[in-house]
Amino acid sequence: MTVQLVQTRFAEPAGNSSGEAIGIRRLSRRFGAGDQQIVALDDISLSVKEGEFVAIVGPSGCGKTTLLKILAGLDRPSEGEAWLRGTPIAGPRRDIGVVFQSPVLFPWRTVLDNVLLPVDVQKLGRSRCMDRANALIEMVGLSGFGNRYPSELSGGMQQRVGLARALIHEPAMLLMDEPFGALDALTRENMNLELQRIWLETRRTVVFITHSISEAIFLADRVLVMTPRPGKVQIELEIDLPRQRELSVMNSAAFGEYANRIRGILNAKGAVD
Amino acid sequence: MNSGFMKIVFSVLILCALLLAWQFAVRYNEIPIYLIPAPSDVIMALVRGFQTGIYTKHIIATLTEVFAGFSIGLAMALVLGLLIALNRTVETYVYPYIIMFQSMPKVALAPVLVIWFGLGMTSKIVTVALITFFPILVNTIVGLRSADFDRINLMRSLGASRWQVFRMLQLPGALPFIVAGIEVGIIMSLLGAIVAEFVGAEAGLGMLIQSMNTTLDVAGQFSILIILSVIGLSMNKTVGFIGDRLLFWDSSRKAKAAMGRR
Ligand SMILES: Nc1ncnc2c1ncn2[C@@H]1O[C@H](COP(=O)(O)OP(=O)(O)OP(=O)(O)O)[C@@H](O)[C@H]1O
Ligand SMILES: [Mg+2]
């Protein structure tokens, strides 16, 4: 009977339909006060379904990182509310994996130890997670590099370590802030293919921030287009391209259509990529 | 033949040639020993000093001062560094004074310290502790604060406690800074001990140099300079060796080593 009650409480969170991974309602974030006040996020509402891959595109300074930080519990909104899986965000949560713009590795830890960082912090037990860590290292194409140090890896390899680390504690949700922004075009395309493959295997909820319109369309189920000053979501675009997508999809007419629409919105707002 | 070995042979040959030239020049020009001693005089002084046991006694005195003072300075710098870096209140009240003291040459305090603590070892140990304390303290504070914002955010996003952030991120990240501070401190500690002994002491290599000066024993002073170089070099190498083992992951350290380290 009690179990039933508890389940009901989680299944029917206040004001949220089930199956919603992220809910944001009328959220604003302002920095500073008076004349110098910056409205980083202005009255944003959105919803992300469980297992959905959502990309957010927008020019520099439109509040993408701010939004991600709020979702990760690292920053608080000035107004409005945000939920993750039915519970209001009250701080960092352990069921989230965050991938930052730079790899953010610890140079004194080996690749394996870097991947195991969340395990150490959350005291999940190294021995229990060792197989999983090795499997993840293999999945991101770094088998044989487990005992190397970050300084021995290329930028792209380091970024893949960051990806494996974000997945080690089996988070229900991945938040990614321009994870491939610093990579060269070729490595970036490979990483996109790899990320899609991982997502198809695991089907986690992903929020993926990027500057690149084509990267967003290639990866996402849905693209949110943001514009700055004040930071707003202009439109949401369902990307109806069949999975598994190949790189050649970027040459298709449908792909070009999506890209043109997004570019049109950004240009209209004077915010060219 | 590997080139490293050849380089050593070559520099030894050059050294021998220089010493021979020096020896010849001094003897040929009949320069008195109390102005510039010949290498052979210096070596004789060195041998005599060790045979009579005088040098050993003073080396032990100086080394004791250096290690006692250095250990005290190091321990205090680490403890206070932690307190200042982790506690805002301590920082606001203490840090300004530290910055003030840091720019003051601490050896200038040696005469006062001899008045306060006497001619014995205590005044030397205090001087050495004081002189090593500041570079290590400042580096510890800067090192603990140097934790990159993204890394802190990463730790926070994982739900890390403050203690975990300290232990897993700040402390290992501060290590290169602390080691660099120790590398400076260990050199300064020998300097501090010698200067403090100059001011007034009962034993030690600095005192020995001072007393040789009054008897115009320049060869003896040169022989002690050799001993001091050997001591300084071995302390420096030891710290560098330990630092390299500890900081094998620090690629900027490798770069520094490649450039001949400072
Ligand atoms: N801690 C802060 N204090 C003051 N202003 C801030 C802070 N963080 C962000 N801002 C401001 O909020 C706005 C949005 O910043 P944000 O970092 O979210 O942009 P972004 O979309 O991630 O940009 P980029 O693509 O360059 O990373 C910027 O104008 C920025 O100056
Ligand atoms: Mg950003």
Side-chain angles (χ1 to χ4, degrees), chain A residues 65-66 68-75 84 89-111 113-124 147-153 158 161-162 165-169 171 173-179 182, chain B residues 78 82 85-86 139-140 142-183 239-259 261:
Chain A
T65 299
T66 306
L68 190 110
K69 276 191 180 155
I70 289 173
L71 292 177
L74 297 172
D75 192 12
L84 288 187
I89 299 172
R93 301 169 43 132
R94 303 196 150 189
D95 55 351
I96 301 177
V98 185
V99 183
F100 296 88
Q101 183 160 4
S102 57
V104 205
L105 301 180
F106 289 11
W108 51 86
R109 284 177 170 248
T110 60
V111 167
D113 287 340
N114 266 293
V115 172
L116 285 169
L117 180 74
V119 175
D120 292 344
V121 170
Q122 302 182 359
K123 302 197 175 76
L124 304 175
N147 290 321
R148 300 293 191 85
Y149 285 87
S151 60
E152 300 174 275
L153 307 184
Q158 292 185 18
V161 177
R165 179 183 58 199
L167 294 166
I168 182 73
H169 52 305
M173 191 180 303
L174 263 184
L175 304 176
M176 309 178 82
D177 190 359
E178 296 180 41
Chain B
L78 291 180
L82 287 186
L86 300 180
N139 273 31
T140 304
V142 172
L144 288 172
R145 291 232 189 97
S146 71
D148 168 273
F149 208 70
D150 286 342
R151 294 202 175 107
I152 293 176
N153 263 341
L154 169 72
M155 289 295 279
R156 282 180 61 210
S157 79
L158 293 170
S161 66
R162 179 134 192 239
W163 166 243
Q164 282 178 322
V165 173
F166 174 74
R167 185 167 54 85
M168 294 182 184
L169 172 59
Q170 284 179 284
L171 200 56
L175 223 50
F177 293 83
I178 296 175
V179 168
I182 289 175
E183 283 175 330
V239 171
F241 180 81
I242 296 171
D244 286 345
R245 290 293 162 291
L246 226 51
L247 303 172
F248 57 90
W249 48 266
D250 185 7
S251 44
S252 68
R253 190 178 170 82
K254 283 178 200 141
K256 238 183 268 164
M259 285 170 4
R261 189 162 290 146

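Letters A, B, ... are given to chains in the order of the sequence lines, protein chains preceding strands, and every chain is numbered from 1.
When all heavy atoms of Pro92(A) and Arg156(B) are compared, the pair lying nearest together is CB-O, 2.9 Å. Considering every non-hydrogen atom in both Trp108(A) and Pro172(B), the closest pair reads CE2-CB, 3.3 Å.
Taking CG from Leu154(B) and CG from Leu74(A), the interatomic distance works out to 9.5 Å, rounded to the nearest 0.5 Å. Here the CD atom belonging to Gln101(A) is positioned 8.5 Å from the CG atom belonging to Asp150(B), to the nearest 0.5 angstrom. One distance of note links CG of Leu158(B) with NE2 of His169(A); it measures 5.5 Å at 0.5 Å rounding. Once rounded to the nearest 0.5 Å, the distance linking CG of Asp148(B) with CZ of Phe106(A) reads 9.0 Å.
Arg94(A) places a side-chain N or O within 3.5 Å of a backbone atom of Gly159(B) that can act as its donor or acceptor partner.
If you measure heavy-atom distances from Ser102(A) to chain B, the contacts under 4.5 Å come from the side chain alone. In this structure, chain B has no heavy atom under 4.5 Å from any part of Leu175(A). Interface residue Arg109(A): only side-chain heavy atoms are found under 4.5 Å from chain B. Using a 4.5 Å cut-off between heavy atoms, Leu175(B) does not touch chain A at all.
Open room surrounds CZ on Arg162(B); 12 or fewer heavy atoms of other groups in view lie less than 6.0 Å from it.
For a heavy-atom cut-off of 4.5 Å, chain B lies close to Leu117(A), Pro118(A), Asp120(A), Val121(A) in residues 113-121 of chain A.
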